[in-house]
Engineer: 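My questions will all concern the structure given below.
The structure displayed is predicted, hence computed values, not measured ones.
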Amino acid sequence: MVNMTEFTPFSALLGGVLLGLGALLLILLNGRIAGISGILSGAMQFKNPNAKWRWAFIAGLTLSGFLAPAVGFTLPTQLNTSWTLTLLAGFLVGFGTYLCAGCTSGHGICGIGRMSKRSIVATLVFMLLAAVVVFFTRHVIGA
């Protein structure tokens with residue numbers, strides 16, 4: 001059984017391959033970019049004629065977490081931080097997604113693959129801020 005709660009090169013490689021394959025299949029079969037924030041936003045517009053495939057994509061993302069143990073992967077089962085901090089982090093991620101006109105999947109996976117300058121800059125900003133947040137939370141406030 002593969003323990004997904006700890007970093008291993010195998011799990012990182014498998015995750016990257018699956019993300020890339022999913023993004024590739026979506027663009028080849030549907031002509032759409034696998035940017036999760038855009039997919040979710042479009043799904044929330046119920047009169048959108050493309051809402052069905054968007055909900056199917058979101059369902060697949062959600063169900064994969066429940067199916068992972070069936071194929072031998074273990075997933076984290078407890079939250080090691082407060083719900084308040086988790087909700088605040090979610091709000092900040094959402095705001096950053098709005099500010100950057102997309103999320104890490106759209107810019108980082110699909111945009112860089114298309115050599116989009118805007119996506120390269122956005123991904124560099126995401127990664128730099130992620131490093132700052134990790135440093136701050138681990139070394140400054142000790143969370």
Side-chain angles (χ1 to χ4, degrees), residues 1-139 143:
M1 184 170 291
V2 178
N3 184 349
M4 295 301 290
T5 60
E6 295 178 21
F7 173 78
T8 63
F10 172 74
S11 63
L13 177 63
L14 180 61
V17 168
L18 290 174
L19 284 170
L21 182 61
L24 179 64
L25 287 173
L26 187 61
I27 201 162
L28 288 177
L29 300 176
N30 207 3
R32 303 293 181 160
I33 299 296
I36 305 308
S37 62
I39 291 171
L40 181 60
S41 174
M44 300 304 281
Q45 301 167 6
F46 292 102
K47 293 186 180 187
N48 184 344
N50 295 314
K52 288 181 183 177
W53 77 259
R54 293 170 187 270
W55 281 113
F57 192 90
I58 293 165
L61 289 175
T62 306
L63 289 174
S64 66
F66 293 103
L67 296 176
V71 293
F73 288 95
T74 58
L75 301 172
T77 56
Q78 71 186 95
L79 187 62
N80 293 327
T81 189
S82 71
W83 279 103
T84 304
L85 189 58
T86 302
L87 291 173
L88 176 63
F91 173 78
L92 291 173
V93 167
F95 180 71
T97 297
Y98 172 77
L99 194 64
C100 290
C103 58
T104 53
S105 56
H107 285 300
I109 297 170
C110 301
I112 289 177
R114 293 186 343 263
M115 298 301 290
S116 164
K117 290 177 186 173
R118 183 179 88 156
S119 290
I120 292 168
V121 170
T123 304
L124 288 172
V125 170
F126 294 153
M127 298 307 289
L128 176 65
L129 287 175
V132 168
V133 167
V134 168
F135 177 82
F136 184 77
T137 57
R138 299 251 173 124
H139 301 290

Engineer: Are side-chain heavy atoms of Phe57 and Lys52 found at a separation under 4.5 Å?
Structural biologist: no
Engineer: Verify, without hydrogens or angle tests, whether Asn30 (side chain) and Arg32 (backbone) share a donor-acceptor contact under 3.5 angstrom.
Structural biologist: no
Engineer: To the nearest 0.5 Å, what is the distance between CZ (Phe66) and CG (Leu63)?
Structural biologist: 7.5 Å
Engineer: What residues form a side-chain contact (heavy atoms from CB on, under 4.5 Å) with Met127, not counting sequence neighbours?
Structural biologist: Thr123
Engineer: Could you pull out all residues at least two apart from Ser64 that satisfy side chain to side chain donor-acceptor pair (under 3.5 Å)?
Structural biologist: none
Engineer: Please report the interatomic distance CE(Met115) to CD1(Ile120), rounded to the nearest 0.5 Å.
Structural biologist: 4.5 Å
Engineer: Nearest 0.5 Å, what's the CD1-CD1 distance between Ile36 and Ile58?
Structural biologist: 7.5 Å
Engineer: Listed by chain and number, what are the side-chain contact (heavy atoms from CB on, under 4.5 Å) partners of Leu18, not counting sequence neighbours?
Structural biologist: Leu14
Engineer: For Phe135, enumerate each residue passing the ring-ring contact (aromatic ring centres under 6.0 Å, His included) test, keeping only those at least two apart in sequence or located in another chain.
Structural biologist: His139
Engineer: By side-chain contact (heavy atoms from CB on, under 4.5 Å), which residues pair with Ala59, not counting sequence neighbours?
Structural biologist: none
Engineer: Could you state the interatomic distance from CH2 (Trp55) to CG (Asn50), rounded to the nearest 0.5 Å?
Structural biologist: 14.0 Å
Engineer: Tell me, which pairs form a side chain to side chain donor-acceptor pair (under 3.5 Å) where one or both residues lie in residues 111-120, sequence neighbours left out?
Structural biologist: His107-Ser119, Ser116-Ser119
Engineer: What pairs of donor and acceptor atoms, side-chain ones from residues 20-29 against any protein atom, are under 3.5 angstrom apart with sequence neighbours left out?
Structural biologist:
none

Engineer: List in chain and number order the residues that pass side-chain contact (heavy atoms from CB on, under 4.5 Å) with Leu19, two or more places apart in sequence or in another chain; answer none if no residue qualifies.
Structural biologist: Ile109
Engineer: Would you say the side chain of Val125 lies within less than 4.5 Å of the side chain of Leu129, judging by non-hydrogen atoms?
Structural biologist: yes
Engineer: Quick check for you: to the nearest 0.5 Å, what is the distance between Tyr98 atom OH and Ser37 atom OG?
Structural biologist: 12.5 Å
Engineer: Got a list of side-chain donor-acceptor pairs under 3.5 Å for residues 81-88, not counting sequence neighbours?
Structural biologist:
residue	atom	partner	partner atom	Å
Ser82	OG	Leu85	N	3.0
Thr86	OG1	Ser82	O	2.9

